[in-house]
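Read through the structure below, which is laid out as structure tokens, and then see the notes.
Note that the structure is a prediction, hence the values are computed from the model and not measured. Every chain is numbered from 1, with letters handed out A, B, ... down the list of sequences.
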Amino acid sequence: MDKTVEALVIGSGPAGMAAALALKENGINEILIVEREDAPGGILLQCIHNGFGLHRFNEELTGPEYAERYINLVKDKKIEILSGTCALDIVDDGDSKKAILLSEEKGLLEVSAKVVILAMGCRERNRGNIAIPGTRPAGIMTAGLAQKMVNKSGYIPGREIVILGSGDIGLIMARRLTLEGARVKAVVEIQSYPGGLNRNIVQCLNDFHIPLYLSHTITKISGDRRISSVEIAPLGESREPQNEKSFTLACDTLLLSVGLIPENELSLKAGVILDKVTGGPVVDSNLMTSVPGIFACGNVLQVHDLVDWVSEESAYCGKAAASYVRNGLLKGREIPVKPGNMVRYTLPAKVIAGTEAVISLRPMAPAQNMSIIAKAGEKILYKKKEKKIFPSIMLRFPVKDMPEDAGCIEVFFSAEDKK
Amino acid sequence: MKQAFANNVYDCIILELKITDTKQKTGRIMNHKYDVIVIGAGVVGAAVARSLSRYKLRVAVVEKEADVSFGTSKANSGIIHAGFHDEPGSLKAKLAVAANREFDRLCEELEFPFERRGELMLAFTEEDVRILQFYFAWGKKNNVPYMELIGRERTLEMEPNINPDVMGALYAPTAGIICPYEYCFALMGNALENGVELFLNEKVIWLGKKENGEFEIDTENGLKLNSTYVVNAAGLYADDIAGYLGITDFKILPRKGEEYLLDRRVGNLVRSVIFPVPTKTSKGMLVIPTVDGPVMVGPTALDIEAKDDYATTRDGLKNVFMHAQKMVPSIRSSDIITSFVGIRPVATGNDFIVGATKVKGFINAAGIQSPGLTASPAIAEMVSSVLLKEGLRMEVKPEFNPHKRMSFTRVRHLLEERNFGKFREIIAGNKNYSKLVCRCENVTEAEIIGAIHRGHTTLDGIKFATRAGTGRCQGGFCTSRVMEIIHRETGMPIEQISKKGKGSEIFPIPLRKGVSRG
């Protein structure tokens, strides 16, 4: 064993750093954060736009500024970060976990830890995953790759841009590339509502007169060496493209912003069970995965829309992991949490009776004047009116005082008391 | 100690490979004379080049694309067929069956991944069963060894994931799977190590015969080459090349095939290559295990007009999955990580065209569709013997070395085997092995540098040579890193780094130069 620590945190984005800080604040001193890039900060470092930190710091920060605050806190607390290091494998090792790390500087390392916190973030869904018909020329890439190259290296992919998907990164890149002199000709969204936050629709598309085609999709990509055009078709009632109504837009670049997938390859190797809807680990109310001693937080657990909630969730996770190191497995009856009417998913999957929990959820579709309700048997644990709900906006609320005999907690939207 | 793993470390070996990209040497017009020029660096051109590198000859290969195998070969299904699919007496049958036997030796010499996994042609109806018997008889006539007609039980025992409605199968254990582009790279790499010259990015736009009997070749970039013999391995464009010399007795008809690659997570659904009974135009749509792990399904077979119609289609996708699911029901289109199109060069008459022509010294190796990858070593041998008959002096070169000299360790394999001891050892020898660039497929910087030094300087070339960018994120994370490494190793500016050659630059516009508003 090359190193033994109490807690190993995989990833030094906002999730990993917040989790590590919470571990430290809760009495854990031997912490190692591993980061595969050259420096800590994660994807925040390429997000040079503002809008981060409104909840967490009551300020509007850029991505790198938000990251810097956490990096400074981690440095102040003297928490070790090993950059340029990938975690290749995690295996059980008695009461501890053994991680195999590959460090650019130190080579292959074996690290033993009492707890491991997974904070690897997510990756972008790509062209293969959505199987758009057509050729395979240059000029097609995920919005995040374009963002990295534009903001960190200073190269833009083209001059005439079409964006498929209205996820937040795509919207941000529509504005960014427009500001760099490129022409964004369309943002094409298969759903009947935008994938990203409303403020990004307003500030990144409307303010720059970039057309947004809802209920449309790209049915063909053309171009030999470089993409030359895309064919766009509206969707009919059956959600199938109506080819007779399609039109062609010439372009030299197609950016994809068609969703994020939690990056859980390492989790799978460690034997962690994943949720089919979120793509992240199935966790209990302490954000512990199906493998005792392995926790998860941030975008590797569920894709968030605001970094502020990533920090909050990860701090919660770090605190729970610290308690695990000191007190061992929290024992108690597990009450399952079930998504009900209009709820796409809920997280965690189960709450340990007698503890408090934070429930996150996303609605299935946009709606107005709904109440979100969490119920255990007949007891209402939480209820709040929401004027408008969107799949792009995650809802989070705390629940406590669960009845001892509750069979399950059901979370659902209700329109019944509209008046 | 260092000596012990020197074979695994690229940087220890300095080899001068003659790969010429004339564009990088602007203004320089070459005027070289060769004994043999091979047009086309696909699997046929590469196999011919390697075969000729055994002799004391000046050999050049001219390729229009930015890398070896970038035409039809890179989109091959990667199957080394047993040889029962082709009509007895055809060149296809003769060469495929003969070449199948060569692959163990070739694999040992050139270190490309190859596994004999066997082929199963499945029957689902009584009619299908009769068709199996028909192909069994063809196989017998073609001298395919160890074939068996097996029943339902045995078929399901061998392949538990196939549809239990199966009635039986034709089993040919000598079939195998390889990585088609790695095979091409290995053939050409070895040819280069043995003195062959390779001109990439050089599209032939004129081929003529001078009064003195020599051939004269002009390329789009102004390169001029002369030779006594020309081997036409130009794939889809072999008829155009032959046409320059007035040879018009065959046409190449493009036949498109779409293939879909599934996520590694799906696992090893099948061990052998799974065939339906064939159709008129193809071997049908298959479920193919690959040497790299993921399962591939396809290809479609559609005769098309244009030789450059590389577009996948909605119908193609539906068609492939419908057929594949009939054989292996658990296959899902939601597991697709990438798709691609290959275009088969089908010659009039449907068989391979290998041999001398009415123009002395001009040898065709044309119409090489399936089973062309399988037959490639035999095609190369046949071309050599035709050249000999045509009067080429072929003196064996004593210094010819059939073994791949430059090789590198695939970290992915060590990790799969959890061979951490060996991994530590190679990192001690070359620190770049500790820099993981592609995390989906576990490719390190050392492997990328190795590929660059071997002449692969496009993203696709590096992808095919190392697998960086072939995994589930499809280059989302490693593209920028690979570009930085190409830039550092070759000095090529970032804005010139391309996916597959000129015109396919990834980030062509540096911000410091500004962008004009459209």
Salt bridge (Lys or Arg N to Asp or Glu O under 4.0 Å) pairs touching residues 222-233 of chain A, sequence neighbours excluded, are A:Arg225-B:Glu65
Pairs meeting criterion salt bridge (Lys or Arg N to Asp or Glu O under 4.0 Å) with involvement of residues 249-267 of chain A, two or more places apart:
A:Arg36-A:Glu263, A:Arg123-A:Glu263, A:Arg123-A:Glu265, A:Glu263-B:Arg439, A:Glu265-B:Arg265, A:Glu265-B:Arg472
At a heavy-atom distance under 4.5 Å, which candidate from B:Thr313, B:Ile336, B:Ile427 has the highest pair count against chain A?
B:Ile336
Exceeds 12 heavy-atom contacts within 6.0 angstrom, atom [atom1] of [X]:
X: A:Lys269; atom1: NZ; answer: yes
X: B:Asn268; atom1: CG; answer: no
X: B:Glu305; atom1: CD; answer: no
X: A:Lys152; atom1: NZ; answer: yes
X: B:Arg488; atom1: CZ; answer: yes

Suppose a student defines contact as a heavy atom less than 4.5 Å from any heavy atom of chain B. Which residues in residues 100-109 of chain A would they list?
A:Ile100, A:Leu102, A:Ser103, A:Glu104, A:Glu105, A:Gly107, A:Leu108
[atom1] of [X] to [atom2] of [Y]: how many Å apart, nearest 0.5 Å?
X: A:Ile156; Y: B:Ile509; atom1: CD1; atom2: CD1; answer: 4.5 Å
X: B:His487; Y: A:Ser153; atom1: NE2; atom2: OG; answer: 10.0 Å
X: A:Ile140; Y: B:Lys499; atom1: CD1; atom2: NZ; answer: 8.0 Å

Examine whether an atom of B:Tyr260 lies under 4.5 Å from a heavy atom of chain A, and if so say whether it belongs to the side chain, the backbone or both; otherwise answer neither.
neither
Is B:Leu317 in contact with chain A via its backbone, its side chain, both, or neither, using a 4.5 Å heavy-atom distance?
side chain
A:Gly134 backbone acceptor or donor facing B:Thr312 side chain under 3.5 Å:
yes
Is there a side chain to side chain contact (heavy atoms under 4.5 Å, CB included) between A:Glu180 and B:Leu511 once you walk through the steps?
CA-CA 8 Å; A:Glu180 291 300 344; B:Leu511 280 180; 3.4 Å; yes
Distance-minimising heavy-atom pair for B:Arg314 and A:Pro241
NH2-CD, 3.4 Å
Minimal non-hydrogen separation, A:Ala138 against B:Ser504, with atom names
CB-O, 3.1 Å
Measuring heavy-atom distances to chain B, does A:Leu268 have an atom under 4.5 Å in its side chain, in its backbone, in both, or in neither?
side chain
For the candidates [options], which exhibits the highest count of non-hydrogen atom pairs separated by less than 4.5 Å from chain B?
options: A:Met141, A:Glu124, A:Arg127, A:Glu110; result: A:Met141
options: A:Arg125, A:Lys220, A:Met149; result: A:Met149
options: A:Ile261, A:Val150, A:Thr135; result: A:Thr135

Chi angles and distances behind the side chain to side chain contact (heavy atoms under 4.5 Å, CB included) call for B:Ser339, A:Arg136
CA-CA 9 Å; B:Ser339 55; A:Arg136 266 141 299 278; 3.5 Å; yes
List the steps and the verdict of side chain to side chain contact (heavy atoms under 4.5 Å, CB included) for B:Leu436 and A:Leu88.
CA-CA 10 Å; B:Leu436 204 60; A:Leu88 302 176; 3.8 Å; yes
What do the steps show when you test B:Phe477 against A:Thr142 for side chain to side chain contact (heavy atoms under 4.5 Å, CB included), and what is the final call?
CA-CA 10 Å; B:Phe477 287 112; A:Thr142 59; over 6 Å; no
With sequence neighbours excluded, tell me which residues meet salt bridge (Lys or Arg N to Asp or Glu O under 4.0 Å) with B:Glu484.
none
